[in-house]
Amino acid sequence: MNKQVIVRFAPSPTGYLHIGGARTAIFNWLYAQKTGGKLVLRIEDTDVERSTEESIKGIIEGLKWLGISWDEGPYFQSQFIEDHKAAAQRLLESGHAYRCFCTKEVLEQKREEAYKKKTDVQYDGTCRKLPKEEVEKNIEKGLPFTIRLKVPEGNGAVRFSDIVYGDIEKKYRDIEDFVILRSNGQPLYVLSNAVDDIRDGITHIIRGQDGLANTPKQILIYQALGVPLPKFAHMPLTLDSKKAKISKRKHGEIVAVHFYREHGFLPWALVNFLALLGWSTVDSRQIFSKEELLDAFSLEGVNRSNSVFEIRRDDPKFFTDPKALAINSHYIKTLPLEELAPYVKIELEKAKIWDEAYETEKRDWYLQTLDLIRSRYHVTTDFITLGRAYFSDDYDLDPKALEKNVLKHEDLKEWLPLIAERLDKLDEYSLEETERVIREVAEELTVKPGVLINGIRTVVTGQAVGPGLFDVLMAIGRDRVVARLRKTPILWGQVYS
RNA sequence: GUCCCCAUCGUCUAGUCCGGUCCAGGACACAGGCCUUUCACGCCUGCGACAGGGGUUCAAAUCCCCUUGGGGACGCCA
């Protein structure tokens, strides 16, 4: 019988959740869900200097927003420091580790020299060779010491098979005797992480490829502690357009999960996009519902080469990775309206133009209107910018549209109010009737219908582009349409004032 | 400098393990067309890649070697 899979997401709370971290969380979550296993959330907050309460909150909110649920935790690494210390003590007693009395300064100096001479920068093992008496003396003198793990000597190597990267081998002599406990008695990440993973019963460590390099060290710790190894699966990294690792420091908000939340992304669209960074199916499918993704996902489908997250920060058309946007807009135009509605509600509320009636007597109108305008939108915020005129009388007219479709035709100053009157008097305000009247007026005035149509669209919606005009007239409704058209002459006034 | 990893269209990728069906497939982006009162959507078409060089083989994107390029790790950070 196979043991239940237990994976973990272990972020350090030193900033917001970024897309790299989110992706790691997503892969862990997918694997847990897929295998009927558990996902443990563990906050690695042992770097007191940089860890913040706010960051912890942000990470948890980010995960929740994405829809990533965990089964255990959040645990906090800082609560288990005694465990880590005890483990170091045990390693010391079992002879798998030793005290190192070398001072920071000396080591720093040696490292610098090594860099200068362009040789290996490994710790030279000075204290490993220290005779027992010497050690005793130093302890008596109260000299501060760190604890280092004794890496086996000889021509052997640490070998393991990474689920993604395959067989990896790292020779013992390429691994230095690394520090596991600081001179102030505090444990280091390599130790804490391994000890926590052991305690939490982690069976699969799924993390970024940047963790690949210290996997041999952690394996050495597992072995020294005499516990069985978990399986490892390293994910390729996400780089920027210049091929540098994505980082909060370098890229700022554009790589933060909350940035996408604030810029009109649907959480599942982001998950879908992120899942495709480094993972794919043999048929290169792009769109996955949650069920489909769980069904299709496997660690074997993860590739080994790093992928580029194509930030288009200053591109007016994209502002971020075009593919991310394409996936988001795909969901905006295809999601069942009932599912889309709540996301648009959030935006309308933020803009203070939400009407409670959209959930009661105006619900049909609300859903129909979303359906009418959504094919042009890429982010949910478009509903309150480009689509604002459908929900509020307080909307701006796009200057370019105004110039091209209204101001250019001086006569519209009289024509549009005239149309307002005709629409107002209509017995039946319908798709057919409004179209009939407007075409009739065009004929009377001997102008092309397009001039009137485009003019009306611009005045009524503030946009040069949009759905078919008569649908627009229905969506906005007679009263608002008439009122807006009557005010047309003001537009000229505004220009000259 | 040392060690580890990677290498297919601009980007995400399929194909690589088990060589032939690949003069390399899909998606995004881009260009053009159809549709149309506008702009989208949708549909159609196009542009566009096996990093380079050596092997092995009847046959290589696929296997081997070298070069080049890229990334990551080398902390008493996590």
Side-chain angles (χ1 to χ4, degrees), chain A residues 10-14 44-47 49-51 77 100 102-104 107-108 111 114-122 144-148 162 165-166 168-171 173-176 178-184 186-190 192-193 208-216 234 236-237 239 241 243-245 273 276-287 303-310 312 317-318 321-327 329 333-334 373-377 401 404-405 435 438-439 442 448-454 456-458 463-470:
Chain A
S12 63
T14 55
E44 309 219 315
D45 59 343
T46 38
D47 186 341
E49 303 269 306
R50 297 195 299 152
S51 296
Q77 188 165 64
C100 172
C102 296
T103 62
K104 244 185 210 172
L107 292 173
E108 200 65 43
R111 201 170 307 137
Y115 264 115
K116 251 184 229 161
K117 280 193 284 181
K118 304 208 166 182
T119 57
D120 205 355
V121 292
Q122 279 193 31
F145 59 86
T146 62
I147 294 181
R148 289 181 185 270
D162 188 272
Y165 283 91
I168 306 275
E169 170 181 307
K170 179 110 174 173
K171 297 187 181 65
R173 64 173 135 84
D174 289 326
I175 307 171
E176 66 172 359
F178 53 95
V179 176
I180 54 176
L181 200 80
R182 291 187 182 89
S183 54
N184 65 5
Q186 296 302 308
L188 260 87
Y189 164 76
V190 258
S192 304
N193 189 259
Q209 193 239 60
D210 44 355
L212 194 57
N214 63 37
T215 301
H234 287 87
L237 264 22
L239 313 177
S241 324
K243 298 277 173 74
K245 190 168 91 166
F273 169 74
L276 253 18
L277 241 37
W279 171 84
S280 60
T281 54
V282 281
D283 56 356
S284 288
R285 197 142 46 108
Q286 306 292 312
I287 300 294
N303 69 20
R304 285 178 279 272
S305 49
N306 295 338
S307 52
V308 171
F309 179 68
E310 206 183 351
R312 296 262 192 112
K317 196 170 169 195
F318 295 111
D321 191 298
K323 190 148 193 174
L325 245 9
I327 290 176
S329 92
K333 32 188 167 272
T334 59
I373 58 183
R374 65 174 171 168
S375 75
R376 263 154 286 264
Y377 298 165
K404 179 178 151 222
N405 291 336
E435 174 157 13
I438 287 166
R439 291 197 184 279
K448 281 191 265 184
V451 173
L452 298 181
I453 288 171
N454 290 329
I456 296 170
R457 177 183 294 108
T458 302
Q463 301 286 316
V465 303
L469 181 71
F470 308 106

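Chain naming here is simple, since letters A, B, ... match the order of the sequence lines and numbering starts at 1 in each.
Within the nucleic acid shown, A:I168 comes within 4.0 Å of sugar-phosphate atoms alone, with no base atom in reach, counting heavy atoms only. No engagement by A:E108 is indicated, since no non-hydrogen atom pair under 4.0 Å with the nucleic acid exists. Nucleic acid contact class of A:F318 (heavy atoms, under 4.0 Å, all strands): sugar-phosphate only. A:D210 comes within 4.0 angstrom of sugar-phosphate atoms only, judged by non-hydrogen atoms across all strands, and of no base. At the heavy-atom level, A:S12 lies under 4.0 Å from the strands shown only through sugar-phosphate atoms. A:P467 comes within 4.0 angstrom of a base, heavy atoms only. At a threshold of 4.0 angstrom between heavy atoms, the contacts of A:P322 are confined to the sugar-phosphate backbone, with no base atom among them. Counting non-hydrogen atoms under 4.0 angstrom, A:A464 reaches a base of the nucleic acid. Contacts of A:T46 with the nucleic acid, taken as non-hydrogen atoms under 4.0 Å apart, involve only primed sugar atoms and P, OP1 or OP2. Among the heavy atoms of the strands, none lies under 4.0 Å from A:Q122. Nucleic acid contact for A:K317: sugar-phosphate only, since backbone atoms but no base atoms lie under 4.0 Å from a heavy atom of the residue. Nucleic acid contact class of A:S192 (heavy atoms, under 4.0 Å, all strands): none. A:Q463 comes within 4.0 angstrom of no nucleic acid atom, judged by non-hydrogen atoms across all strands.
Here the straight-line distance linking atom OH of A:Y165 with atom CG of A:L212 works out to 7.0 Å at 0.5 Å rounding. Distance check, rounded to the nearest 0.5 Å: CG of A:L452 to CZ of A:R457 gives 12.0 Å. Atoms OG1 and CD1, from A:T458 and A:I453 in turn, are 11.5 Å apart once rounded to the nearest 0.5 Å.
Spacing of C1' atoms, B:C58 relative to B:A14, comes out at 28 Å, to the nearest Å. As rounded to the nearest Å, B:A27 and B:C64 have C1' atoms that lie 34 Å from one another. Rounded to the nearest Å, the gap between the P atom of B:C28 and that of B:G69 is 35 Å. When the P atom is compared between B:U68 and B:G52, the two are found 16 Å apart, to the nearest whole Å. For B:G10 and B:G19, the P atoms lie 29 Å apart once the distance is rounded to whole Å. B:G32 and B:C39 have their P atoms separated by 13 Å, with the value rounded to a whole Å. B:G46 and B:U36: their P atoms are spaced 24 Å apart (whole Å). For the P atoms, the distance linking B:G42 with B:C4 amounts to 48 Å, nearest Å.
Residue A:R182 places at least one side-chain N or O closer than 4.0 Å to OP1 or OP2 of B:A78. Phosphate proximity of B:A73 to A:K245: present, with a side-chain N or O under 4.0 Å from OP1 or OP2. Within the 4.0 Å cut-off from OP1 or OP2 of B:A14, at least one side-chain nitrogen or oxygen of A:S280 is found.
Looking at the side chain of A:V465, the nearest of the listed nucleotides B:C74, B:U38, B:U37 is B:U38. Here the side chain of A:F470 is nearest to one of B:U37, B:A78, B:G26, namely B:U37. Side chain of A:L237, nearest nucleotide from B:G26, B:U37, B:G71: B:G71.
A:Q77 and A:T46 are linked by a side-chain donor-acceptor pair at a separation below 3.5 angstrom, with hydrogens and angles left out of the test.
A:S375 contributes a side-chain N or O that forms a donor-acceptor pair with the base of B:A40 under 3.5 Å. For a distance-only test at 3.5 Å, the side chain of A:R50 qualifies as a donor-acceptor partner of the base of B:C77.
Both A:L181 and A:A244 sit near RNA chain B, but only A:A244 has its closest nucleotide nearer the 5' end. Mapping A:K170 and A:K404 onto RNA chain B by nearest heavy atom places A:K170 closer to the 5' end of the strand.
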Exercise. Given A:I180 and A:R148, is the side chain to side chain contact (heavy atoms under 4.5 Å, CB included) satisfied, shown in steps?
Worked result: CA-CA 6 Å; A:I180 54 176; A:R148 289 181 185 270; over 6 Å; no
For nucleotides 6-12 of chain B, which of its nitrogen or oxygen atoms have a protein nitrogen or oxygen under 3.5 Å away, and what is each distance?
residue : atom : partner : partner atom : Å
B:U11   : O4'  : A:E310  : OE1          : 3.4
B:C12   : OP1  : A:V308  : N            : 2.6
B:C12   : O2'  : A:L276  : O            : 3.0
B:C12   : O2   : A:K323  : NZ           : 3.0

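A donor-acceptor pair is defined here as one N or O able to donate and one able to accept, closer than 3.5 Å; such a pair exists between the side chain of A:N306 and the backbone of A:L237. One N or O on the side chain of A:N454 and one on the backbone of A:G450 form a donor-acceptor pair closer than 3.5 Å.
In this structure, the side chains of A:P236 and A:S305 stay at 4.5 Å or more apart for every pair of heavy atoms. Between A:V308 and A:K243, some side-chain heavy-atom pair lies under the 4.5 Å cut-off.
Regarding A:N214, its CG atom lies at a distance of 15 Å from the P atom of B:C4, rounded to whole Å.
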